[in-house]
Amino acid sequence: MTEQLTAGPRTAPTVRLEPGQELPALALPPITRTTLALFAGASGDHNPIHIDLDAARSAGLDDVFAHGMLSMAYLGRLLTSYVPQQRIRSFGARFVAITPVHARPTCRATVVSIRNGIAALELRVELADGTTTMTGHAEVDVTIDPHTDGGE
Amino acid sequence: MPIDRDRALALVIPDRTVTVERGALRAFAQATGDDRPASHEVAAARGDGAPDLRVPPTYFFSLELFAPDPFGFLSDLDIDLRHVLHGEQHFEYFTSCHAGDELTLRSRITDVTAKKGGPMELLTKETDVHRGDAPVARMRTVLVVRNPAGSAA
């Protein structure tokens, strides 16, 4: 819409999104206690309520439960497998229900609108039993530009 | 006992400067089931147009946690970590970040509100992420505090 596209060898892939379009869902394997232990270490979130049954019980819970940020990281994977990451302008989530151990989350993203070169996506993570655990939104720049990733 | 709002808003959370590490990014990718070559191999990331392994979209949240006492601001406010749930998380991105970047995180608590109809409070924390003088990302965290400090579990 502005300048001529001059495609170089490292041109970011064109993002083709259309209102109403659903991105391919990302179905995850069951969340194990090992998943939570690894994510605690790798994410820096050592809150024992996610990894230590004793701590969970001392807070009145029956069991540990997954980090909300694990679901959000999965959704991030879905987004970045479909759009170049540097096109993502914003990414937000509300954690609306706990993800229990052994749950099987599926991440979904739908394009709701495209305005002024920005695609708005609605995001959702749901479990096999139909529970929605996370709702979210993302904005993706869909203007065509020849800028390469990274160096900005 | 409710959260002391004035104290929360005045709380000084020290700036943190961290270097994004390749090994830590690989561990994060592995822990989130991301086996794409560009998330693990520098050559693949470069082939993808990035100068090094990319910082994934939610990783800024983790950068703040890689500290000796990442939840210290909660204990400073007499909030029991076991009573805290993550309510919301928002990111804005201004540019890409990669392994090797030295990033500075500046956080402050911007709001404390009581949730209607329940013994819950919402604590909002905002963090600006800079590389040198350049803003690279901003994040906002909303924590839900059940039975705020004072009640025994």
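None of these values were measured; they are calculated from a predicted model. Convention: sequence-line order gives letters A, B, ...; per-chain numbering from 1.
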Contact part of [X] toward chain B, heavy-atom cut-off under 4.5 Å: side chain, backbone, both or neither?
{"X": "Y74(A)", "result": "side chain"}
{"X": "A93(A)", "result": "both"}
{"X": "I49(A)", "result": "side chain"}
{"X": "T34(A)", "result": "neither"}
{"X": "P48(A)", "result": "side chain"}

Distance (rounded to the nearest 0.5 Å) between [X] [atom1] and [Y] [atom2]:
{"X": "D45(A)", "Y": "F61(B)", "atom1": "CG", "atom2": "CZ", "result": "6.0 Å"}
{"X": "R89(A)", "Y": "Y93(B)", "atom1": "CZ", "atom2": "OH", "result": "11.5 Å"}
{"X": "T58(B)", "Y": "L75(A)", "atom1": "OG1", "atom2": "CG", "result": "10.0 Å"}
{"X": "N47(A)", "Y": "L81(B)", "atom1": "CG", "atom2": "CG", "result": "3.5 Å"}

With the 4.5 Å side-chain cut-off for hydrophobic clustering, are [X] and [Y] part of the same group?
{"X": "F71(B)", "Y": "F60(B)", "result": "yes"}
{"X": "V142(A)", "Y": "V111(A)", "result": "yes"}
{"X": "L53(A)", "Y": "V101(A)", "result": "no"}
{"X": "I118(A)", "Y": "L123(A)", "result": "no"}
{"X": "V112(A)", "Y": "L79(A)", "result": "no"}

- request: For side-chain contact (heavy atoms from CB on, under 4.5 Å), just list the numbers for L38(A) and F28(B), CA-CA rounded to whole Å, side-chain angles, deciding distance to a tenth of an Å, and then say yes or no.
  value: CA-CA 8 Å; L38(A) 292 177; F28(B) 187 82; over 6 Å; no
Residues, nucleotides or ligands: over 12 heavy atoms within 6.0 Å of [X] [atom1]:
{"X": "R26(B)", "atom1": "CZ", "result": "yes"}
{"X": "D62(A)", "atom1": "CG", "result": "no"}
{"X": "E126(B)", "atom1": "CD", "result": "yes"}
{"X": "R7(B)", "atom1": "CZ", "result": "yes"}

Look only at the side chain of [X] and the backbone of [Y], and say whether a donor-acceptor pair between them is shorter than 3.5 Å.
{"X": "S62(B)", "Y": "S43(A)", "value": "yes"}
{"X": "Q85(A)", "Y": "V55(B)", "value": "yes"}
{"X": "R77(A)", "Y": "T32(B)", "value": "yes"}

field: Derivation and outcome, side-chain hydrogen bond (donor to acceptor under 3.5 Å, both in side chains), residues R36(B) and T80(A)
entry: CA-CA 11 Å; R36(B) 292 173 287 184; T80(A) 58; 3.0 Å; yes
query: Between H67(A) and H86(B), is the gap from one ring center to the other below 6.0 Å?
result: no
query: Can you tell which of A27(B), G47(B), A38(B), G33(B) has the highest number of heavy-atom pairs within less than 4.5 Å of chain A?
result: G33(B)
task: State, yes or no, whether a side-chain contact exists between E139(A) and E92(B) at a heavy-atom distance under 4.5 Å.
output: no
Heavy-atom pair with the smallest gap, counting every atom of [X] and [Y]:
{"X": "A55(A)", "Y": "R82(B)", "answer": "O-CD, 4.1 Å"}
{"X": "L70(A)", "Y": "A31(B)", "answer": "CD1-O, 4.1 Å"}
{"X": "Q89(B)", "Y": "M72(A)", "answer": "O-CE, 3.5 Å"}

task: Select one option (side chain, backbone, both, neither) describing which atoms of L63(B) are under 4.5 Å from chain A's heavy atoms.
output: neither
- prompt: Hey, mind stepping through F95(A) and V142(B) against side-chain contact (heavy atoms from CB on, under 4.5 Å) and telling me if it holds?
  reply: CA-CA 10 Å; F95(A) 305 104; V142(B) 180; over 6 Å; no
